[in-house]
Amino acid sequence: MLDDFMIRAALAGIGTAIAAAPLGCFVVWRRMAYFGDATAHAAILGVALALALQIPVFGGVLATALAMGLIVHSLSGRGFATDTLLGVLAHSALAFGLVAVSFLSGVRVDLMGYLFGDILAVSVPDLAIIWGGAAAILLLVLRRWSSLLTSTISPDLATSSGIDPRREQMILTLALALTIAIAIKVVGVLLISALLVIPAATARSLSRGPETMALLAGVLGSLSALGGLALSYRADTPTGPSIVCVAAVFFLLSLMVSAARR
């Protein structure tokens with residue numbers, strides 16, 4: 001079955017959507033969309049470092065995404081507005097990554113694939129990484145769900161309950177870095193944030209509780225991946241952007257449903 005590239009692509013899309021769903025909810029609740037963007041942009045620098053050091057790209061992307069998250073976490077609240085800090089770091093990381101790639105002589109780099117994804121080229125080892133990472137993310141989120149949710153609703157309430165909000169923020173940063181590392185093959189650096197935010201934002205207007213929202217975000221993300229693959233196959237469009245387009249259509253439909261309910 002895995003000999004068919006479309007089957008591998010579908011499994012990769014579903015695995016990435018499942019991993020991104022619960023984290024996307026926290027990104028929406030905490031208004032961290034730009035944080036996800038900044039962390040994703042650092043992935044290009046990770047690609048360049050991985051190719052230069054001849055290590056797996058997954059490892060390089062994970063390391064730089066995590067480093068970006070830790071830098072933002074440590075510098076936030078030290079005299080700069082968060083959106084300013086994220087803007088500086090996001091664009092700087094992307095620029096340094098693109099410049100670093102240009103210095104890789106003798107190494108063929110599919111830059112468009114890393115920027116917009118190349119889900120049709122997913123291999124069986126890639127699937128193992130994606131689903132292994134998704135399982136790790138889901139296990140982490142399930143174990144920390146209550147603490148993450150409490151610190152999201154009210155840091156003061158979390159502190160009074162014996163929960164360290166900064167520790168939960170660190171856990172969320174780690175999970176986001178892992179999600180970005182496994183999603184880069186599917187939708188690419190420039191579209192990872194969209195896959196995190198759009199299904200969660202769509203589910204928010206259709207759900208009445210946080211758990212329902214996380215589950216629905218996973219379903220919508222998976223349908224977006226499958227719909228994007230179908231659109232790409234039939235219309236010969238870029239697959240990564242097609243997935244995001246389908247997700248955006250779902251979002252628009254959810255707005256119409258919400259408006260009709262009022």
Side-chain angles (χ1 to χ4, degrees), residues 1-24 36 40 43-44 46-47 50-51 56-62 65 108-139 176 178-203 214-254:
M1 181 180 72
L2 294 181
D3 292 336
D4 190 329
F5 74 96
M6 286 297 290
I7 297 294
R8 293 197 301 271
L11 290 174
I14 293 172
T16 303
I18 291 173
L23 297 180
I44 283 294
V47 170
L51 294 176
V57 171
F58 173 79
V61 171
L62 178 60
R108 184 180 178 275
V109 182
D110 181 14
L111 194 56
M112 292 297 290
Y114 288 118
L115 289 175
F116 297 103
D118 192 9
I119 190 174
L120 297 180
V122 167
S123 63
V124 174
D126 290 331
L127 279 179
I129 291 174
I130 290 171
W131 278 93
I137 291 167
L138 289 179
L139 180 61
L176 279 171
L178 181 56
T179 301
I180 287 164
I182 67 174
I184 189 172
K185 189 79 173 182
V186 177
V187 290
V189 168
L190 298 182
L191 301 176
I192 289 173
S193 185
L195 193 62
L196 279 168
V197 173
I198 297 177
T202 305
L215 289 172
L216 185 56
V219 172
L220 290 169
S222 299
L223 291 176
S224 298
L226 296 176
L229 279 170
L231 175 62
S232 175
Y233 180 78
R234 292 181 178 276
D236 194 25
T237 55
T239 311
S242 297
I243 292 173
V244 177
C245 286
V246 173
V249 170
F250 283 142
F251 178 71
L252 293 175
L253 291 174
S254 73

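One-based numbering along the sequence shown.
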Asks: Can you name the nearest heavy-atom pair linking Leu23 to Leu176, along with the distance?
Replies: CD1-N, 3.9 Å
Asks: Which pairs count as side-chain hydrogen bond (donor to acceptor under 3.5 Å, both in side chains) when at least one residue sits in residues 221-233, sequence neighbours excluded?
Replies: Ser232-Thr239
Asks: So Leu11 and Trp131, do their side chains get closer than 4.5 Å, heavy atoms only?
Replies: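 The answer is yes, as the side chains (C-beta and beyond) meet within the 4.5 Å cut-off.
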Asks: Tell me the closest heavy-atom pair linking Ala65 and Ile180, and the distance in Å.
Replies: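 Answer, listing the atom of Ala65 first, then Ile180: CB-CG2, 4.5 Å.
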Asks: Can you tell me how far apart CD1 (Ile14) and CG (Leu127) are? Round to the nearest 0.5 Å.
Replies: 10.5 Å
Asks: Measure the shortest side-chain to side-chain distance between Leu120 and Met6 over non-hydrogen atoms and say whether it is less than 4.5 angstrom.
Replies: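 Yes - at least one pair of side-chain heavy atoms lies under 4.5 Å apart.
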Asks: Tell me, do Leu215 and Val219 make a side-chain contact under 4.5 Å, heavy atoms counted?
Replies: no
Asks: Would you name the heavy atoms of Leu138 and Pro22 that are closest together and state the gap between them?
Replies: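 That would be CD2-CG, 4.0 Å.
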Asks: Can you confirm whether Val57 sits close enough to Ile184 that some side-chain heavy atom of one is under 4.5 Å from a side-chain heavy atom of the other?
Replies: no
Asks: Does a side-chain heavy-atom distance below 4.5 Å link Thr16 with Leu195?
Replies: yes
Asks: Quick check for you: to the nearest 0.5 Å, what is the distance between Leu216 atom CG and Thr202 atom OG1?
Replies: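 One finds 8.5 Å between CG of Leu216 and OG1 of Thr202.
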Asks: Please report the closest heavy-atom contact between Ala50 and Pro56, naming both atoms and the distance.
Replies: CB-O, 3.7 Å
Asks: For residues Phe5 and Ile119, determine if any side-chain heavy atom of one lies less than 4.5 Å from a side-chain heavy atom of the other.
Replies: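 A side-chain contact is absent here, since even the closest heavy-atom pair is not under 4.5 Å.
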Asks: Could you work out, with side chain to side chain donor-acceptor pair (under 3.5 Å) as the rule, every residue matching Thr179, not counting sequence neighbours?
Replies: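 Counting only residues at least two positions away or on another chain, Thr179 forms no side chain to side chain donor-acceptor pair (under 3.5 Å).
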Asks: Please report the closest heavy-atom contact between Ile243 and Leu229, naming both atoms and the distance.
Replies: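 Ile243 and Leu229 have their closest heavy atoms at CG1-N, 4.4 Å.
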Asks: If I compare all heavy atoms of Ile198 with all of Val244, which pair ends up nearest, and what's the gap?
Replies: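 Taking every non-hydrogen atom into account, CD1-CG1, 4.0 Å.
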